[in-house]
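Here is the naming used below: chain letters follow the sequence lines, and residue numbers restart at 1 for every chain.
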Amino acid sequence: MAFGKGCHLHLIDGSAFIFRAYHALPPLTRKSDGLPVGAVAGFCNMLLRYIENNNGPDAATHVAVIFDFSSKSFRNELYDQYKAHRPPPPEELVPQFPLTREATRAFGISCHEIEGYEADDIIATATCKAREAGGRVTIVSSDKDMMQLVGGGVEMLDPIKNKRIDREGVFEKFGVYPERVVDVQALMGDAVDNVPGAPGIGPKTAAQLIQEYGDLDALLARAGEIKQAKRRETLIAFADQIRLSRDLVTLHCDMPLDFDLDSLEVRDPDATQILDFLGRMEFRTLSRKVAQRLGVEAPAVPEDAGQLARERPAPEETAFPPIDRAAYETVRTRAQLDAWIARIQEAGHVAVDTETTSLNEMVAELAGISLATAPNVACYIPVGHRASATADLFGGSDLAPDQLPLQEVLDALRPVLEADDILKIGQNIKYDWKILARHGIEVRPFDDTMLLSYALHGGLHNHGMDELSERYLSHIPIPIKELIGSGKSMVTFDRVPIEKATPYAAEDADVTLRLWLTLRPRLHRVRVTTVYETLERPLVPVLAHMEMAGIKVDRDTLSRMSGAFAQKMAQLESEVQEMAGRPFNLGSPKQLGELLFDELKLPGGVKGKTGAYGTDVNVLEDLATEHPLPGRVLDWRQVSKLKSTYTDALQQAINADTGRVHTSYSIAGANTGRLASTDPNLQNIPVRTEEGRRIREAFVAEEGKVLVSLDYSQIELRLLAHMADLPELKTAFREGQDIHAITASEMFGVPLSEMTSELRRRAKAINFGIIYGISGFGLARNLRIPKDQAQQFIDRYFIKFPGIKAYMDGVIQGAKRDGFVLTLFGRKIHTPEINAKGPGAAFARRAAINAPIQGTAADIIRRAMIRMEPAIEGLPARMLLQVHDELLFEVERGAEDALIERARSVMVNAPDPAVKLSVPLEVEAGTGQTWAAAH
DNA sequence: TCAGTCACG
DNA sequence: GACGTACGTGACTGAG
């Protein structure tokens, strides 16, 4: 059919589809050869959805998908900086470009691209032709550059919101009608495409100016009449740049097209063709979907390469049989055990999971061990299950019958668990490593599925087994609650009947093995192998050693402090209640808020989203000028915190056997690569207040030993200076100057000799603020100064240190483009919320700015820790704790200087040879009998 | 189990 | 131009 009146042409912006598909979906690869196909899968889904929705009054009679030929176009000849900041497409995406063309054709839709032109120009030209021929046009795209084409039968369709945009829609967006859109765009510029525009003029001002003056030429001609001085000068000074910007954003309607509209007529999809393509891509789910829609039988696609449910971004390389718990074996005889050992030696790898009586590895007793060598090939070896479900009158009970003796099992498994040529696979293997280490077995070599996931998907989701199983295997393992219960009635695993324990425990090993089969092949494709191999895996034994070493904590010191705190609390409590005129619970923010703001009618009560008054330290400090009560409450809170969280809880945490406190570090807990310390958290022992710091006096060295603390000085600021390229700060660090004073001097133009502590304090707050993704509001609150003044400081900082702005923009741009940011060592930190709408995006932006800095610092100390053990070998010293930028050691008295020398060298040189920093790292050292003295 | 608070880097 | 605001953690408490 010839295109003309009554026809309706749909032009789909194919490149936008591809990028959206790429970013919206998790990485996906073709099972048979590892070809990345995630974007292709997403693209096909979008095409399918488009076809399904293509009916009703706006249905197409003609349709084409238009692609960009390459990133270079004639616009680069107009302006060599056009799209200059745009990085090359991600490597995984490149091979998918031709596949999306193939997909389009398979779906029976024409596709076109022309060298030297952007898709936008082809769409513009086709649109003009269609309009001239008297037909309608729908441009399927959310690109605002295309809005200039709307009108006269041309509309846009935003495929994300499924919303049509007409002339009024354009006016809503730009404040002008389509014919003036280029004028507005010329003024506002476009950071993404690097269209310069007019500096300092944004969308609102641009629209207002064009509305007022009619069009851009009139505006530029009459620029001298503008009242605002700055605006007037900008428009005069940058007139040429603005005209150039208009040329850049104006789409061309006169391109030579190598196709005519008639050829774009909608065709019925050819099932064979589509299914053939989807089959080659190994998209099983999509094939099924298409077959169903077209009413043909679904072809047999061997592997599911594209489970596309967003909630369950699925097992693309997993053609695993469903979990079959009935297939699991309970190993009760020596013959069975030997058969498993043979099977493991045959396979060369085995997933291992230990079941114990406690989450605390230092006290946990082994109940059993499960193994898996292949999907559904798994067993459970009970070794410590009890005969009765509950303890008998004497507090114990006998072992259940038909279990191999613990020691026999361990002796039989030891050669396997320590064999160089058998890979042991665990989920959070540090746990099992420690359990087995307590029985004299050193597990190696090993892989850890939790750490694989952390290296691959840090920031996207958590890395616990249940979550990984659901996400990557579409399988929900048996919840532990079903076996041991919860709360008061919870029992230990050794009380679980073996018949119930086997399916649970063997399933854990099975799932772990399947996760390994799924995740391990992705490492190198996503280029995080080095991260996993140098920053994650080697840390496991290092942390295990530290955790098992523990740190000596003096119970008497804590106990005495607890008593003193209790007295003080009681005194403060009666004081406060006297002031209040009635008793109330000081620990209840709700009661306190009501007292302060409803009863005492103090000013400034602000209710949060739950309807409760805020009563945090900032609020109470402000109120302290009005009334004596809030200050006393703050005192009470401080003491209460110290007592409950530290002096009391720490005593509970002292291990009865070792007399020491053994924390547990989570390697994959923090998004940035930092460790987290739990049970108890030894990374937040007080230090900032005099009173709190005394808690550290309870952390002591053994008799004849001392504690040594080494900490990186200003590591994050140093990294900022390096990464954002701030010459003044780099020099200051090289010369060992006072960094905050230098900052203040640069910012406020005050010579160092005249520096005041107030200016320095402000500069310091700004320096930290920068690392956190500063905002005027945040700085204002921190410094307790007006917001506009805080904003002025920030502006001045940006002007004085232009590298900062460039760094931040670069990070944000990268995060938006890739969905992740990188540390200097290649750790990926995903930022899934970065393109979100609403306040979530602001959060994500600040997190994205902070992540490379905090993450690089975390990587550096990880490298130092991994190298520390060999470096201090031979010294009577061991590493006990890590507190983000500090390492705490225990060393025999007399050897502390040797330790400091070696440890400092390791820490200072930790980035070598992977990264060469342009600032030196410095490490401060201290020694003492207690942590308070050493720090 | 959640929200509020506060300890650390 | 509005909206909520420093980044990253874990533990304890009250309250539902």
Side-chain angles (χ1 to χ4, degrees), chain A residues 175 202-205 207 459 486-487 584-593 608-620 633-634 636-646 648-650 652-653 663-666 669-689 691-693 695-696 711-712 714-717 720 765-783 787 790-791 794 829 837-855 857-858 861 881-886 935:
Chain A
K204 295 287 162 184
T205 315
S486 64
F584 74 102
N585 188 343
L586 273 80
S588 165
K590 186 164 172 275
Q591 292 182 27
L592 176 65
K609 40 181 179 281
T610 54
Y613 288 112
T615 66
D616 70 9
V617 62
N618 292 305
V619 174
L620 295 190
V633 171
L634 281 174
W636 180 89
R637 277 192 183 161
Q638 195 196 359
V639 180
S640 162
K641 178 85 174 181
L642 292 175
K643 181 171 188 295
S644 66
T645 308
Y646 299 105
D648 290 352
L650 272 176
Q652 303 286 312
T663 185
S664 180
Y665 289 102
S666 31
N671 280 342
T672 52
R674 274 195 179 178
L675 301 179
S677 163
T678 63
D679 309 304
N681 182 353
L682 296 186
Q683 290 181 323
N684 70 346
I685 304 300
V687 72
R688 292 178 192 173
T689 66
E691 191 147 42
R693 191 152 50 232
I695 306 273
R696 295 188 174 219
D711 68 286
Y712 284 109
Q714 313 268 31
I715 187 166
E716 292 193 355
L717 264 184
L720 177 72
I766 296 169
N767 273 332
F768 280 105
I770 293 292
I771 292 175
Y772 298 150
I774 200 157
S775 71
F777 183 94
L779 183 66
R781 202 177 59 171
N782 192 290
L783 283 176
K787 199 180 88 167
Q791 190 57 52
I794 295 169
I829 298 152
K837 296 266 175 273
F843 264 112
R845 279 229 316 281
R846 293 193 295 268
I849 288 170
N850 175 259
I853 302 169
Q854 186 179 122
I861 198 164
L881 299 180
Q882 187 250 42
V883 192
H884 309 309
D885 62 1
E886 172 187 8
H935 184 77

Item to check | Dot-bracket encoding of pairs in DNA chain C, which uses [ ] for pseudoknotted crossings and | for another strand, Watson-Crick or G-U under 3.5 angstrom | outcome: ......|||||||||.
Checklist entry - So does Asn671(A) get a side-chain nitrogen or oxygen closer than 4.0 Å to the phosphate oxygens (OP1/OP2) of dG8(C)? => result no
Checklist outcome for this item: Once base and sugar-phosphate atoms are separated, protein heavy atoms under 4.0 Å mark nucleotides 2-9 of chain B, 5' to 3', with B, S and - as -SSSBBBB
Next on the checklist: Please classify the nucleic acid contact of Ile774(A) as base, sugar-phosphate, or nothing, using heavy-atom distances under 4.0 Å.
Outcome noted: base
Tabulate below the donor-acceptor pairs under 3.5 Å that side-chain atoms of residues 770-781 of chain A make, not counting sequence neighbours, or state none.
| from | atom 1 | to | atom 2 | distance (Å) |
| --- | --- | --- | --- | --- |
| Ser775(A) | OG | Gly778(A) | N | 3.0 |

Item to check | Nearest-angstrom distance from the residue atom CG of Leu650(A) to P of dG10(C) | outcome: 17 Å
Checklist outcome for this item: The residue among Gln591(A), Lys590(A), Arg637(A) that forms side chain to side chain donor-acceptor pair (under 3.5 Å) with Thr615(A) is Arg637(A)
Checklist entry - Quantified in whole Å, what is the P atom distance between nucleotide dT5(B) and nucleotide dT5(C)? => result 13 Å
Next on the checklist: So does Gln882(A) get a backbone contact from the side chain of Gln683(A), meaning a donor-acceptor N/O pair under 3.5 Å?
Outcome noted: yes
Item to check | Rounded interatomic separation in angstrom, taking CZ from Arg845(A) and C1' from dG4(C) | outcome: 12 Å
Checklist entry - Just how far is it from atom CG of Asn671(A) to atom CG of Asn850(A), taken to the nearest 0.5 Å? => result 11.0 Å
Checklist outcome for this item: Separation between CD1 (Ile695(A)) and OH (Tyr646(A)), nearest 0.5 Å, reads 8.0 Å
Next on the checklist: From CG of Leu717(A) over to P of dC7(C), roughly how many Å is that when rounded to an integer?
Outcome noted: 17 Å
Checklist entry - Can you check whether Pro680(A)'s main-chain N or O pairs, donor with acceptor, with Thr663(A)'s side chain at less than 3.5 Å? => result yes
Next on the checklist: At less than 4.0 Å, is any side-chain N or O atom of Ser588(A) found next to OP1 or OP2 of dA15(C)? Yes or no.
Outcome noted: yes
Checklist entry - Within the side chain of Arg696(A), is there an N or O that forms a donor-acceptor pair under 3.5 Å with the backbone of Ile685(A)? => result yes
Checklist entry - Which part of the nucleic acid, if any, lies within contact of Gly769(A), taking any heavy atom under 4.0 Å across all strands shown: a base, the sugar-phosphate backbone alone, or nothing? => result base
Checklist outcome for this item: 5'-most contact on DNA chain C (nearest-nucleotide basis), Ala842(A) vs Ala848(A), goes to Ala842(A)
Checklist entry - Do the numbers put Arg845(A) on top of the ring of Phe843(A), so that NZ or CZ is under 6.0 Å from the six-membered ring centre and no more than 45° off the axis? => result no
Checklist entry - From the list dC7(C), dT9(C), dA15(C), which nucleotide is the closest neighbour of the side chain of Ala676(A)? => result dT9(C)
Next on the checklist: Mind checking if Asp711(A) touches a base, just sugar-phosphate, or nothing, with heavy atoms under 4.0 Å?
Outcome noted: nothing
Checklist entry - Which part of the nucleic acid, if any, lies within contact of Ser640(A), taking any heavy atom under 4.0 Å across all strands shown: a base, the sugar-phosphate backbone alone, or nothing? => result nothing
Checklist entry - Which value, in whole Å, describes the distance between the P atoms of nucleotides dG4(B) and dA6(C)? => result 14 Å
Checklist entry - Rounded to the Å, how far apart are Gln591(A) CD and dG16(C) C1'? => result 14 Å
Checklist entry - Just how far is it from atom NZ of Lys643(A) to atom NZ of Lys641(A), taken to the nearest 0.5 Å? => result 14.5 Å
Checklist entry - What is the distance from CD1 of Ile695(A) to P of dC12(C), rounded to the nearest Å? => result 13 Å
Checklist entry - Which of the following nucleotides, dC12(C), dG4(C), dT9(C), is nearest to the side chain of Ala670(A)? => result dT9(C)
Next on the checklist: Does Ala649(A) reach a base, just sugar-phosphate, or nothing at all? Heavy atoms under 4.0 Å.
Outcome noted: sugar-phosphate
Item to check | Nearest-Å distance for atom pair CH2/C1', residues Trp636(A) and dC12(C) | outcome: 11 Å
Next on the checklist: Students often get this wrong, so: under 4.0 angstrom with heavy atoms, is Ala765(A) touching a base, only sugar-phosphate, or nothing?
Outcome noted: base
Next on the checklist: When you measure from the side-chain N and O atoms of Arg846(A) to the phosphate of dA6(C), is any distance below 4.0 Å, counting only OP1 and OP2?
Outcome noted: no
Checklist entry - What nucleic acid atoms does Ser775(A) come within less than 4.0 Å of, heavy atoms only: base, sugar-phosphate, or nothing? => result base
Item to check | Atom pair distance, as rounded to whole Å: CG in Leu720(A) and C1' in dA6(C) | outcome: 14 Å
Checklist entry - Any donor-acceptor pair under 3.5 Å linking the side chain of Ser677(A) with the backbone of Leu682(A)? => result yes
Checklist entry - Between atom NE2 of His884(A) and atom CD1 of Ile715(A), what is the distance when rounded to the nearest 0.5 Å? => result 13.0 Å
Checklist entry - When the distance from CD of Gln882(A) to C1' of dT9(C) is rounded to whole Å, what number comes out? => result 12 Å
